[in-house]
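We name chains A, B, ... by the order of the sequence lines, and we start the count at 1 in each one.
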Number of protein chains: 2
Amino acid sequence: MLTKEEFVKGILDGNTTILARAITLVESRHQEHQALASDILNEVLPFTGNAQRIGISGIPGVGKSTFIESYGEFLIREKNRSIAILAIDPSSERTGGSILGDKTRMSKLSQNPKAFIRPSPSSGHLGGVAKKTRESLLLCEACGFDTIFIETVGVGQSETIVSQMVDFFILLLQPGAGDDLQGIKRGIMEVADLVCVNKCDGQNEHLSQIARHEYERALHILKKSEDFIPGVLEISALYEKGLDKVYEVMEHFFRDFHSLVKKRRSEGEVKWLKELFYQKIEGLILQDPKLSKLWSETNKQVAESQVSASYGSELLFSQVIEGLKGKK
Amino acid sequence: MLTKEEFVKGILDGNTTILARAITLVESRHQEHQALASDILNEVLPFTGNAQRIGISGIPGVGKSTFIESYGEFLIREKNRSIAILAIDPSSERTGGSILGDKTRMSKLSQNPKAFIRPSPSSGHLGGVAKKTRESLLLCEACGFDTIFIETVGVGQSETIVSQMVDFFILLLQPGAGDDLQGIKRGIMEVADLVCVNKCDGQNEHLSQIARHEYERALHILKKSEDFIPGVLEISALYEKGLDKVYEVMEHFFRDFHSLVKKRRSEGEVKWLKELFYQKIEGLILQDPKLSKLWSETNKQVAESQVSASYGSELLFSQVIEGLKGKK
């Protein structure tokens with residue numbers, strides 16, 4: 001095992017092998033590893049925050065990996081960028097993980113020395129996965145990557161979490177009205193800063209236009225309470241069509257909306273602070289067999305309307321405080 | 001002051017004067033009043049849950065009060081309903097409260113013995129206001145009202161909270177594309193079960209149709225992950241146009257989507273349990289001068305990126321646990 005100093009030096013030197021090992025520490029369930037990861041994070045913190053943090057979402061099959069491969073290559077080749085790719089995939093526990101998936105699906109990028117691909121952590125509840133991804137993001141920034149992509153599947157809940165850790169959110173959709181559109185769950189469209197209608201090539205061109213108009217209307221109705229107005233682009237990741245336009249939009253955003261980026265980061269961090277704090281409180285409850293039992297029983301009783309949430313919370317609160325006081 | 005028994009009997013007897021006084025207890029900041037309110041709530045709990053809980057939102061000027069007045073009168077007159085009207089208005093602290101507002105704006109309903117109008121609580125943070133409204137809702141149910149309207153202004157955050165305490169959510173919009181549409185913040189459209197385009201009368205009729213088509217498209221894209229499909233109606237609250245259609249949609253919903261109502265209530269309650277529990281933990285922290293100071297300082301430092309959320313939460317957690325243990 002490397003020492004903390006060796007980890008920190010390696011990361012700040014841009015050593016991606018050491019970066020990968022540090023992320024493994026972040027993902028580890030061993031308390032010892034977690035403590036080391038926390039120390040490393042604190043040391044590198046002053047060197048974080050300089051990347052553009054981009055969230056990417058879309059339902060399976062829309063072409064997320066193709067887009068990241070294609071747009072990532074474009075950014076490295078044309079704009080001299082360096083790119084780290086992380087993923088949040090809360091479903092991976094069920095599907096057996098995407099550990100091999102991400103790298104094989106991005107075969108060109110995974111060979112590129114200016115790209116770092118980290119497959120999604122293989123399991124864990126959403127809150128835990130979010131913590132690991134946030135911390136991995138910081139490590140990637142400290143390692144010198146100037147663009148971080150966080151990929152997520154379009155299931156709703158994970159988008160909200162990702163939107164709290166990125167500066168800019170891209171939603172990938174595909175042309176074709178009707179059933180296709182229905183795949184987008186509420187809660188996703190409204191975090192988007194840019195909608196890319198992918199697969200706008202060949203026979204799809206007419207359908208793409210229709211889709212773009214539909215999404216433009218929807219975005220028009222769902223205005224964010226911010227100055228930046230989300231747009232819709234027709235692209236083809238496979239044929240590298242429209243990537244320059246995606247870049248233009250992003251450049252415009254990061255150039256002219258400094259204070260919005262700052263505000264989003266600041267708000268995201270404060271929410272995250274609270275979330276982490278409550279995760280710890282809950283962790284403490286779940287460690288105690290008696291409190292843990294009370295917690296799940298109360299949840300069940302409230303769900304079945306046997307006791308009111310108000311009464312249940314009184315009970316939980318008094319027992320938890322009692323339990324905490326009794327501890328060394 | 002009435003005794004607990006007198007309160008409970010009065011409420012279950014349908015005495016609205018006593019109901020109003022019980023709600024005043026719920027809204028009170030005195031600990032003694034709160035304890036009494038909590039006892040009353042526990043006693044009447046078995047007699048709650050039988051009303052249709054309807055959320056109503058829309059930007060100021062869209063005609064929320066006119067709609068509630070008009071639709072409420074319709075329900076009482078044509079359908080023999082009894083209606084309680086509550087409001088969540090987080091802005092009322094700034095605007096000086098709407099204590100007189102609600103009753104004068106609903107002059108006919110406020111004279112109707114089958115209607116009970118409770119103006120919004122005059123102040124407090126959103127979490128506190130939500131608690132009061134939830135508890136007032138239960139009291140109204142125990143008092144025998146079969147339909148509860150909870151009115152809120154279209155500012156985004158309060159809609160999410162209201163959507164967690166109602167069965168069915170109506171969003172009021174007005175015709176006229178362009179600037180008008182822009183008033184709808186993201187996060188509101190996606191909780192709607194029914195969109196009513198209000199003021200569809202006279203010169204507005206053509207614009208109303210356009211608006212309805214736009215909203216239908218937007219709702220089509222933003223499908224909820226549920227079986228019930230939200231619709232759009234053109235109405236005129238002022239001229240009592242389309243109220244029967246609103247009723248049809250609601251009846252269809254409550255008749256054919258039993259299990260969805262049950263699921264929403266159960267999920268809402270469990271979320272609420274957690275929220276209340278954390279409110280109490282936070283209350284404990286804010287009561288302690290040292291912890292309270294640490295809490296606000298850490299929030300500030302995290303917002304300004306001086307410390308990481310991760311480090312901040314560790315610090316807060318250890319200090320809070322330490323502080324709690326030290327107490328009697």
Side-chain angles (χ1 to χ4, degrees), chain A residues 38 41-42 45 48-49 131 134-135 138 156 181-187 189-191 214-215 217-218 220-225 265-267 269-281 284 298-299 302-305 307-314 316-317 320-321 324-325 327-328, chain B residues 38 41-42 45 48-49 131 134-135 138 156 181-187 189-191 214-215 217-218 220-225 265-267 269-281 284 298-299 302-305 307-314 316-317 320-321 324-325 327-328:
Chain A
S38 180
L41 273 164
N42 261 335
L45 196 66
T48 63
K131 182 172 187 299
R134 272 182 180 264
E135 294 177 353
L138 294 175
L181 296 188
Q182 311 242 357
I184 314 161
K185 297 286 180 287
R186 295 198 194 190
M189 197 70 163
E190 49 274 14
V191 298
E214 292 260 317
Y215 296 132
R217 276 203 203 91
H220 177 68
I221 289 178
L222 296 170
K223 205 194 167 210
K224 277 192 176 180
S225 45
R265 285 192 181 186
S266 162
E267 286 176 358
E269 282 295 300
V270 168
K271 271 189 197 157
W272 185 234
L273 169 71
K274 235 176 185 175
E275 172 108 11
L276 280 177
F277 176 75
Y278 289 138
Q279 275 183 24
K280 281 173 200 293
I281 299 269
L284 207 67
T298 310
N299 266 281
V302 166
E304 292 169 358
S305 300
V307 299
S308 71
S310 181
Y311 178 79
S313 68
E314 295 275 1
L316 273 181
F317 180 70
V320 167
I321 296 301
L324 292 183
K325 281 181 192 163
K327 290 202 176 153
K328 269 280 173 195
Chain B
S38 180
L41 274 165
N42 261 335
L45 196 66
T48 64
K131 182 173 189 296
R134 272 181 180 266
E135 294 177 352
L138 294 174
L181 296 188
Q182 313 242 356
I184 314 161
K185 297 287 180 288
R186 295 199 193 190
M189 197 70 162
E190 49 274 13
V191 298
E214 293 260 317
Y215 295 132
R217 275 203 202 91
H220 178 69
I221 289 178
L222 296 168
K223 205 195 168 208
K224 278 192 177 179
S225 46
R265 284 192 182 186
S266 162
E267 285 175 359
E269 282 296 299
V270 168
K271 269 188 199 158
W272 186 234
L273 169 71
K274 233 174 185 174
E275 171 109 10
L276 281 177
F277 176 75
Y278 290 137
Q279 275 183 25
K280 281 173 201 293
I281 298 268
L284 207 67
T298 309
N299 266 281
V302 166
E304 291 168 359
S305 300
V307 299
S308 71
S310 181
Y311 179 79
S313 68
E314 294 275 1
L316 273 181
F317 180 70
V320 166
I321 297 301
L324 292 183
K325 281 180 191 163
K327 289 202 177 151
K328 269 283 174 196

Per-residue contact mode, B/Asn42 against chain A (heavy atom under 4.5 angstrom): side chain
Gap separating the OH atom of A/Tyr278 from the OG atom of B/Ser313, nearest 0.5 angstrom: 12.5 Å
Structural part of B/Glu314 lying under 4.5 Å from a heavy atom of chain A: both
Region of B/Lys271 that comes under 4.5 Å of a non-hydrogen atom in chain A: neither
4.5 Å side-chain heavy-atom contact, B/Phe277 and A/Ile281: yes
Segment of B/Thr298 engaging chain A (4.5 angstrom heavy-atom cut-off): both
For chain B, the option from A/Val307, A/Leu138, A/Leu45 that forms the most heavy-atom pairs under 4.5 Å: A/Leu45
Among A/Leu276, A/Val320, A/Leu273, residue most engaged with chain B (heavy-atom pairs, under 4.5 Å): A/Leu273
